[in-house]
Number of protein chains: 2
Amino acid sequence: MEQIENFNYEELLEAFKALLKQNSLKFTSQREIILQTLYQNPHHFTPEDLYLLIKENHPDLTIGITTVYRTLNLLEENSLVTSLSFGINGKKFELSNKPHHDHLICQKCGKIIEFHDPKIEQLQEKIAKIHDFKLTHHLMQLYGICKKCQESENGENS
Amino acid sequence: MEQIENFNYEELLEAFKALLKQNSLKFTSQREIILQTLYQNPHHFTPEDLYLLIKENHPDLTIGITTVYRTLNLLEENSLVTSLSFGINGKKFELSNKPHHDHLICQKCGKIIEFHDPKIEQLQEKIAKIHDFKLTHHLMQLYGICKKCQESENGENS
DNA sequence: CTGTGTGCAAACATTTTGCAAGCAG
DNA sequence: CTGCTTGCAAAATGTTTGCACACAG
């Protein structure tokens, strides 16, 4: 499994353009801004988050949420973004050009923390070996309540 | 895939009844059938899957999908079922009465091996602690190719 | 120029809510 | 009896599609 290394925006953009060319698709300003925005904000976005952020940062650009959906799907099909479904608040997207990591998710506020633990990965390999599996990838999501939400749980009484 | 069942239905049903009583809620046949169906079919259900299955197996019972949603939410809030989001479109639910385990999944033949590794769980707790999270549960799925499929990959040329 | 891309509105899909009647406790 | 529960219909969300015009290549 070849994990695309941390690239800079130029490289990412080139990859995107190459992808478009390969499929006889066109490079448009909407598509560029979507990619750029994903790059500049390394968070997890719902399509709507992304749409609103773009509208805010680029008041000049006309863009519809339809285009955001279509572009995210295009990017996902081509593995430039990854989508995760965290029970809370729908499906979220992030650029896949980051090094591998897993997620810690707050079930109350939806906050997401990324982490990476080489020891866990080692143990996963070991388990795979025991069962004679050749691992390709994995999915690990830890669900819980973040500090803030724990505090507000104690503090509030409705 | 062996199904681990160390709760029997009676216990589960009692837990459910206790829960209802505690909240001054009522024990209805719809709620019972939903729980029973989840118990008898240890798969992952979308609300609609479950609704259709119940309609099929209990043609006499009137039930609406609304009730399925409401009951699943009730069960989830009280940790009797867990919801997982696998890929596209759909939150899926399963009973949480199985002992905790994770999955090793063969991407070729679909074989699923359940495993449990206390060391990994420890490390997960540690990560949660670092980020001040109180863990509720987690999802870990390792994807790979099982021994048989690795062998047949070598042997066969389609 | 050609054919893809876009925004808009409408269509879909999924989940939640308001309501009047039904039933558990 | 009381008031929670139910199914239905309608509403609220979230996502996709049809279409005519815009524009990249």
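Within every chain, numbering begins at 1; the chains are lettered A, B, ... in the order of the sequence lines, protein sequences first and strands thereafter.
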### Task
Mark yes or no for whether B:Q141, through its side chain, and B:D102, through its backbone, hold a donor-acceptor pair below 3.5 Å.
no
#### Entry: Between D:dC4 (C1') and B:K26 (NZ): distance, integer Å
4 Å
### Query
With a 4.0 Å cut-off on heavy atoms, is A:T28 in touch with a base, just the backbone sugar-phosphate, or nothing at all?
sugar-phosphate
### Task
Residues of residues 29-36 of chain B with any non-hydrogen atom less than 4.0 angstrom from an atom of DNA chain C: list those, numerically ordered, please.
none
### Task
Report yes if some heavy atom in the side chain of A:L80 is under 4.5 Å from a heavy atom in the side chain of A:L38; otherwise report no.
no
### Query
Is there a donor-acceptor contact under 3.5 Å from the side chain of A:D132 to the main chain of A:A128?
no
### Task
For A:L19 and C:dG5, give me the distance from atom CG to atom C1', rounded to whole Å.
15 Å
### Task
Check the distance between C:dG5's C1' and A:K21's NZ and give it to me in whole angstrom.
18 Å
### Query
Under 3.5 Å, side chain of A:Q30 to main-chain N/O of A:T62, donor-acceptor pair present?
yes
### Message
OP1 or OP2 of C:dT16 versus the side-chain N and O atoms of B:Y69: is any pair under 4.0 Å?
### Response
no
### Task
Please report, rounded to the nearest Å, how far the P atom of D:dG14 is from the CZ atom of A:F93.
14 Å
### Query
When we call it a touch if two heavy atoms are under 4.0 Å apart, what does A:N23 touch: a base, just sugar-phosphate, or nothing?
nothing
### Given C:dT16, D:dG25, D:dT15, the nucleotide with the shortest approach to the side chain of A:P47
D:dT15
### Summary
note: A:N73, atom CG; D:dG14, atom C1'; distance rounded to Å ~ 13 Å
### Query
Would you find a donor on one side and an acceptor on the other, under 3.5 Å apart, between the side chain of B:N8 and the backbone of B:E10?
yes
### Message
From CG of B:L61 over to C1' of D:dT5, roughly how many Å is that when rounded to an integer?
### Response
13 Å
### Query
How many Å lie between CD1 on A:I54 and P on C:dT6, as a whole number?
11 Å
### Query
At under 4.0 Å between heavy atoms, what does A:I63 touch on the DNA or RNA strands: base, sugar-phosphate, or nothing?
sugar-phosphate
### Message
Pick the closest DNA chain D nucleotide for B:L25 and for B:Y51 by heavy atoms, then say which residue is nearer the 5' end.
### Response
B:L25
### Task
Evaluate the ring planes of A:Y39 and A:Y9, with Trp represented by its six-membered ring, and classify them as parallel (under 30°), tilted (30 to 60°) or perpendicular (over 60°).
tilted
### Message
Please find the pair of heavy atoms, one from A:G64 and one from A:Y51, that lie closest to each other, and give the distance.
### Response
C-CE1, 3.6 Å
#### Entry: Atom-to-atom span, CG of B:L75 to P of D:dT5 - whole angstrom
12 Å
### Message
Taking the nucleotide of DNA chain D with the nearest heavy atom to each, does A:E48 or A:R70 sit closer to the 5' end?
### Response
A:E48
